There are 2 protein chains.
Amino acid sequence: MPEELNPAMFDPVCPSGAMPFQIGDKWTAMIVICLEHGPRRFGELRVPLRAVTPKVLTETLRAMERDGLVTRTAYAENPPRVEYALTDLGRTLLTLIEAARQWSRAHLPELLAAREAHGRPTAP
Amino acid sequence: MPEELNPAMFDPVCPSGAMPFQIGDKWTAMIVICLEHGPRRFGELRVPLRAVTPKVLTETLRAMERDGLVTRTAYAENPPRVEYALTDLGRTLLTLIEAARQWSRAHLPELLAAREAHGRPTAP
DNA sequence: CAGAATCCAATAAGATACTG
DNA sequence: CAGTATCTTATTGGATTCTG
């Protein structure tokens with residue numbers, strides 16, 4: 001069973017917002033990363049993804065389920081418990097995410113520098 | 001000097017719209033691919049990208065220029081001529097694009113099948 | 001706990017027309 | 001040719017509130 005998710009996993013210092021690519025929609029890649037080491041409950045995902053409203057998180061998870069990237073398992077308990085897990089297909093995205101991360105480590109600083117340099121001349 | 005760009009390069013049969021990832025904004029990856037084998041003029045890019053309005057194409061190219069992905073060279077001629085070319089940084093995106101294409105070849109059919117299967121039960 | 005329902009704001013993008 | 005200028009629309013995402 002996996003450890004608890006680090007609340008600061010996707011903090012602003014993590015430049016995921018500046019990356020020039022996106023897997024699925026805005027939160028898909030982060031969800032995949034959260035599920036990498038085992039299933040997670042809805043509330044668990046909300047910890048590192050506290051910037052996402054439950055509505056959007058639900059929408060994203062439903063879309064991922066529809067695309068065969070995650071499974072949703074609801075246990076008939078009280079209080080309710082729902083677990084999300086990566087499918088084999090969803091797991092294949094990890095390779096791509098890792099490639100994106102490697103690109104970022106290697107080249108994102110250069111991109112951001114270029115953005116800075118071009119941002120200044122047009123700034124008021 | 002490169003051949004002319006194939007107008008059908010990104011036709012609807014090309015599932016780029018269904019891919020669960022995106023490099024830059026909507027048209028960035030296609031522009032990178034168009035520039036892979038050498039510089040291209042604005043009008044040349046409009047051939048395979050005829051679904052893009054000049055406004056959006058300009059915006060995308062400007063953003064890419066700002067991020068150091070392409071260079072823009074305007075020749076003081078009449079009629080005017082402008083050429084866009086990949087920078088070294090822009091060229092590094094080709095690796096990532098190729099990774100995305102490989103993922104698609106390997107797994108996109110499965111994703112689309114899952115989407116089909118889940119789409120039917122909820123359809124009215 | 002795991003969401004559903006409703007409403008709203010921001011952004012992206014397309015249509016259209018015009019110009020140095 | 002290579003854009004610019006407006007305008008309008010569509011899509012996302014977020015805020016807020018409520019519930020089985």
Side-chain angles (χ1 to χ4, degrees), chain A residues 4-5 7 10 12 16-31 34-35 39-67 70-85 115 122, chain B residues 4-5 7 10 12 16-31 34-35 39-67 70-85 115 122:
Chain A
E4 284 180 14
L5 293 170
F10 302 117
S16 45
M19 284 211 253
F21 20 73
Q22 197 179 310
I23 315 271
D25 43 37
K26 193 171 178 183
W27 308 100
T28 303
M30 298 186 209
I31 292 173
C34 289
L35 298 178
R40 296 287 182 183
R41 303 179 57 165
F42 189 84
E44 277 186 292
L45 294 172
R46 295 199 61 187
V47 174
L49 301 175
R50 60 199 180 288
V52 199
T53 60
K55 175 204 159 205
V56 174
L57 183 55
T58 302
E59 284 170 357
T60 308
L61 286 167
R62 291 282 194 279
M64 293 175 72
E65 194 190 358
R66 191 198 51 162
D67 286 353
V70 301
T71 57
R72 177 182 183 276
T73 312
Y75 298 92
E77 302 171 354
N78 200 305
R81 183 164 61 97
V82 176
E83 277 189 348
Y84 293 91
R115 189 177 292 185
T122 50
Chain B
E4 285 180 12
L5 292 170
F10 302 117
S16 46
M19 284 212 253
F21 20 73
Q22 197 177 308
I23 315 272
D25 44 37
K26 193 170 178 185
W27 307 100
T28 304
M30 298 187 208
I31 292 173
C34 288
L35 298 178
R40 296 287 182 182
R41 304 178 57 165
F42 189 85
E44 278 186 292
L45 294 172
R46 295 199 61 188
V47 174
L49 301 175
R50 60 200 180 288
V52 199
T53 61
K55 174 202 159 209
V56 174
L57 183 54
T58 301
E59 284 170 357
T60 307
L61 287 167
R62 291 283 193 279
M64 293 176 72
E65 194 190 0
R66 191 198 50 161
D67 286 353
V70 300
T71 57
R72 176 181 182 277
T73 311
Y75 298 91
E77 302 171 355
N78 200 304
R81 184 164 60 99
V82 177
E83 278 189 347
Y84 294 90
R115 187 176 292 185
T122 51

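Letters A, B, ... mirror the listed sequences (proteins, then strands); counts begin at 1. A quick note: this is a predicted structure, and the numbers were derived from the prediction, not measured.
Rounded to a whole Å, the CG atom of B/L57 is 11 Å from the P atom of D/dT4. Taking atom CD of A/E44 as the reference point, atom C1' of C/dG3 lies 16 Å away to the nearest angstrom. Rounded to whole angstrom, the span from the CZ atom of A/R40 across to the P atom of C/dC1 amounts to 16 Å. As rounded to whole Å, 6 Å separates atom C1' of C/dG3 from atom CZ of A/F42. Protein atom CG of B/N78 is 12 Å distant from nucleotide atom P of D/dA2, rounded to whole Å. Rounded to whole Å, the distance from CG on A/L45 to P on C/dC1 is 14 Å.
Axis deviation across the helix from C/dC1-D/dG20 to C/dG20-D/dC1 amounts to 60°, comparing end segments of five pairs, rounded to 10 degrees.
Judged by distance alone, with hydrogens and angles left aside, the side-chain atoms of B/E59 form no donor-acceptor pair with the main-chain N or O of B/L61 at under 3.5 Å.
In terms of heavy-atom proximity, B/R41 sits nearest to B/P80 at NH2-O, 3.6 Å. Heavy-atom minimum distance, A/I23 versus B/F21: CA-CB, 3.9 Å. The two residues B/L57 and B/V52 make their nearest non-hydrogen contact at N-CG1, 3.7 Å.
Comparing atom distances between the B/R62 side chain and each of C/dA2, C/dG3, D/dG3 picks out D/dG3 as nearest. Looking at the side chain of A/T58, the nearest of the listed nucleotides D/dC1, D/dT4, C/dG3 is C/dG3.
In this structure, B/Y84 reaches the sugar-phosphate backbone alone: every heavy-atom distance under 4.0 Å involves primed, P, OP1 or OP2 atoms, never a base. If you check every strand for non-hydrogen atoms under 4.0 Å, B/R46 touches nothing.
Phosphate proximity of C/dC1 to A/R41: absent, as no side-chain N or O sits under 4.0 Å from OP1 or OP2. For C/dG3, one of the phosphate oxygens OP1 or OP2 lies less than 4.0 angstrom from a side-chain nitrogen or oxygen of A/R72.
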Please produce a list of atom pairs where a protein N or O lies less than 3.5 Å from an N or O of nucleotides 11-15 of chain C.
unit_1, atom_1, unit_2, atom_2, d
C/dA13, N7, B/K55, NZ, 3.4
C/dG14, OP1, B/K26, NZ, 2.9
C/dG14, N7, B/K55, NZ, 3.4
C/dG14, O6, B/K55, NZ, 2.4

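When side chains are defined from C-beta on, A/R46 counts as touching A/P54, because their heavy atoms get closer than 4.5 Å.
To the nearest 0.5 Å, atom OH of residue B/Y84 and atom CD of residue B/E65 are 7.0 Å apart. Taking CE from A/M30 and CG from A/L5, the interatomic distance works out to 13.5 Å, rounded to the nearest 0.5 Å. Atom CG of residue B/D67 and atom CZ of residue B/R62 lie 14.0 Å apart, to the nearest 0.5 angstrom.
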Side chain to side chain contact (heavy atoms under 4.5 Å, CB included) between A/F10 and A/C34, worked out:
CA-CA 10 Å; A/F10 302 117; A/C34 289; 3.7 Å; yes
